[in-house]
Visitor: 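First, the structure itself, so that you have it in front of you.
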Amino acid sequence: MPERIRKLFAHLVWADDRVLDALSAAPAIEPVWLELFGHILGAEHVWLARLREEPATVAVWPALSVEQCRALARETRAGYDMLLAGLDPAGLGRLISYRNSAGQDFRSSVEDILLHVALHGSYHRGQVASLMRRGGAAPAATDYIAYVRGVPAAPRRPPDR
C-alpha cells in the first residue's frame with residue numbers, strides 16, 4: 001500500500017473528526033451544514049461498500065444528526081482501516097464494477113476510488129467551512145498541510161489600509 005494513500009486516509013479521519021467537533025461546538029446548526037457533511041460520510045460509506053462489492057446501507061445523501069454522523073464516521077473508518085490493512089500494491093489496480101446513483105455502470109480501479117474518496121471529502125469540507133463561517137460559526141481548519149504540520153494554517157487577515 002503506498003504511503004501516500006495511508007496518509008490521505010489518516011487525514012480524512014482527522015478532518016472528519018475536526019468537522020464533527022466544529023459542528024458540535026456551533027451554537028446552532030444550519031441544515032445545509034449537516035446535509036453536506038452527511039453527504040461526505042454517506043459517500044465514504046457508499047464507496048467502501050463498492051470496494052467490498054456489497055450493497056450500501058446508507059444513502060449517498062443521508063439525512064443525519066451530528067451524533068449519527070459521528071457513529072457513521074466511526075463505522076466507516078473501521079471499514080477503511082480493514083480494507084487498507086489488507087490491500088497490497090497489486091490490489092490497487094483491481095477493477096471494481098459498480099452502478100452510480102444515477103444508474104450508470106462503471107469500472108474503476110481501487111486506487112482511483114481511494115483517491116476520489118479522499119479528494120471528494122476535502123472539496124465538501126471546504127464548502128461546510130465556508131457556510132459555517134458565513135453563518136457566524138467557527139469552522140474547522142482541515143487543510144492537509146495543517147494535518148501534517150500539526151498546526152492550523154495561518155488565519156485570513158483583513159486587508160491592509
Side-chain angles (χ1 to χ4, degrees), residues 1-25 33-62 64 66 68-102 104 106-133 138-156:
M1 168 61 58
E3 183 62 21
R4 72 179 173 273
I5 290 178
R6 286 192 199 285
K7 285 178 80 172
L8 285 173
F9 272 79
H11 169 258
L12 178 150
V13 166
W14 174 88
D16 283 351
D17 284 347
R18 295 303 166 290
V19 173
L20 281 164
D21 291 345
L23 289 169
S24 295
W33 305 350
L34 274 177
E35 179 184 17
L36 280 168
F37 188 63
H39 171 62
I40 294 167
L41 299 174
E44 289 172 4
H45 168 84
V46 167
W47 282 110
L48 177 62
R50 289 173 179 163
L51 288 163
R52 291 174 164 172
E53 298 180 281
E54 61 188 35
T57 59
V58 174
V60 74
W61 284 95
L64 304 171
V66 173
Q68 289 170 320
C69 284
R70 195 174 301 280
L72 181 57
R74 274 194 302 268
E75 176 188 323
T76 305
R77 171 182 311 158
Y80 277 109
D81 285 348
M82 287 178 51
L83 179 90
L84 294 175
L87 194 59
D88 60 21
L92 289 172
R94 184 169 64 96
L95 293 177
I96 303 293
S97 297
Y98 59 93
R99 179 167 288 150
N100 71 3
S101 57
Q104 298 169 300
F106 292 96
R107 287 172 49 106
S108 299
S109 71
V110 169
E111 183 174 25
D112 285 340
I113 290 170
L114 292 173
L115 290 171
H116 169 71
V117 170
L119 296 170
H120 175 265
S122 288
Y123 172 76
H124 287 302
R125 278 186 223 97
Q127 290 179 312
V128 172
S130 179
L131 290 168
M132 287 182 74
R133 187 173 290 109
T142 59
D143 286 344
Y144 180 79
I145 199 66
Y147 165 71
V148 295
R149 288 190 310 209
V151 176
R156 183 176 179 181

Visitor: For Cys69 and Leu34, work out which heavy atoms get closest and say how close.
Guide: SG-CD2, 4.1 Å
Visitor: Can you tell me which residue among Thr142, Asp143, Asp16 is in a side-chain hydrogen bond (donor to acceptor under 3.5 Å, both in side chains) with Arg125?
Guide: Asp16
Visitor: Could you give the distance from OH (Tyr144) to NZ (Lys7), rounded to the nearest 0.5 Å?
Guide: 3.5 Å
Visitor: Restricting to non-hydrogen atoms, name the atom on Val46 and the atom on Val58 that form the minimum distance, rounded to 0.1 Å.
Guide: CG2-O, 3.4 Å
Visitor: May I ask you to decide if Trp14's main-chain N or O and Arg18's side chain share a donor-acceptor pair within less than 3.5 Å?
Guide: yes
Visitor: Can you confirm whether Ile5 sits close enough to Leu92 that some side-chain heavy atom of one is under 4.5 Å from a side-chain heavy atom of the other?
Guide: yes
Visitor: Got Gln68 and Pro62 here, is their nearest side-chain heavy-atom distance under 4.5 Å?
Guide: no
Visitor: Would you compute the distance between atom NE2 of His39 and atom CD of Glu44 and round it to the nearest 0.5 angstrom?
Guide: 10.0 Å
Visitor: Let me know which of Leu12, Asp17, Leu41 forms a side chain to side chain contact (heavy atoms under 4.5 Å, CB included) with Arg77.
Guide: Asp17
Visitor: To the nearest 0.5 Å, what is the distance between CZ on Phe9 and OH on Tyr80?
Guide: 5.0 Å
Visitor: Take Val66 and Leu20 through the test side chain to side chain contact (heavy atoms under 4.5 Å, CB included) and record every step on the way to the result.
Guide: CA-CA 7 Å; Val66 173; Leu20 281 164; 4.3 Å; yes
Visitor: Considering all heavy atoms of both residues, which atom of Asn100 and which atom of Arg50 are nearest to each other, and what is their separation?
Guide: CA-NH2, 3.4 Å
Visitor: Between Ala22 and Ala140, which heavy-atom pair has the shortest distance, and what is it?
Guide: CB-N, 3.8 Å
Visitor: Pick one: which of Leu119, Leu8, Leu87 meets side chain to side chain contact (heavy atoms under 4.5 Å, CB included) with Leu114?
Guide: Leu87
Visitor: With rounding to the nearest 0.5 angstrom, report the CG to OG1 distance, Leu48 to Thr57.
Guide: 9.5 Å
Visitor: With rounding to the nearest 0.5 Å, note down the distance linking CG in Leu51 to CD1 in Ile113.
Guide: 4.5 Å
Visitor: Taking all non-hydrogen atoms of both residues into account, name the closest pair between Ser109 and Gly93 and its distance.
Guide: CB-O, 4.1 Å
Visitor: Relative to each other, are the rings of His120 and His124 parallel, tilted or perpendicular (30° and 60° limits)?
Guide: perpendicular
Visitor: Ignoring hydrogens and geometry, is there a side-chain-to-backbone donor-acceptor pair from Ser130 to Gly126 under 3.5 Å?
Guide: no
Visitor: So Ile96 and Val110, side chain to side chain contact (heavy atoms under 4.5 Å, CB included) or not? Walk me through it.
Guide: CA-CA 7 Å; Ile96 303 293; Val110 169; 3.9 Å; yes
Visitor: His45 side chain to Thr76 main-chain N or O, any donor-acceptor pair under 3.5 Å?
Guide: no
Visitor: Going from CE on Met82 to CZ on Arg52, what distance comes out if it is rounded to the nearest 0.5 angstrom?
Guide: 6.0 Å
Visitor: Testing the basics here: between Phe37 and Val128, what is the closest heavy-atom pair and its distance to 0.1 Å?
Guide: N-CG2, 4.0 Å
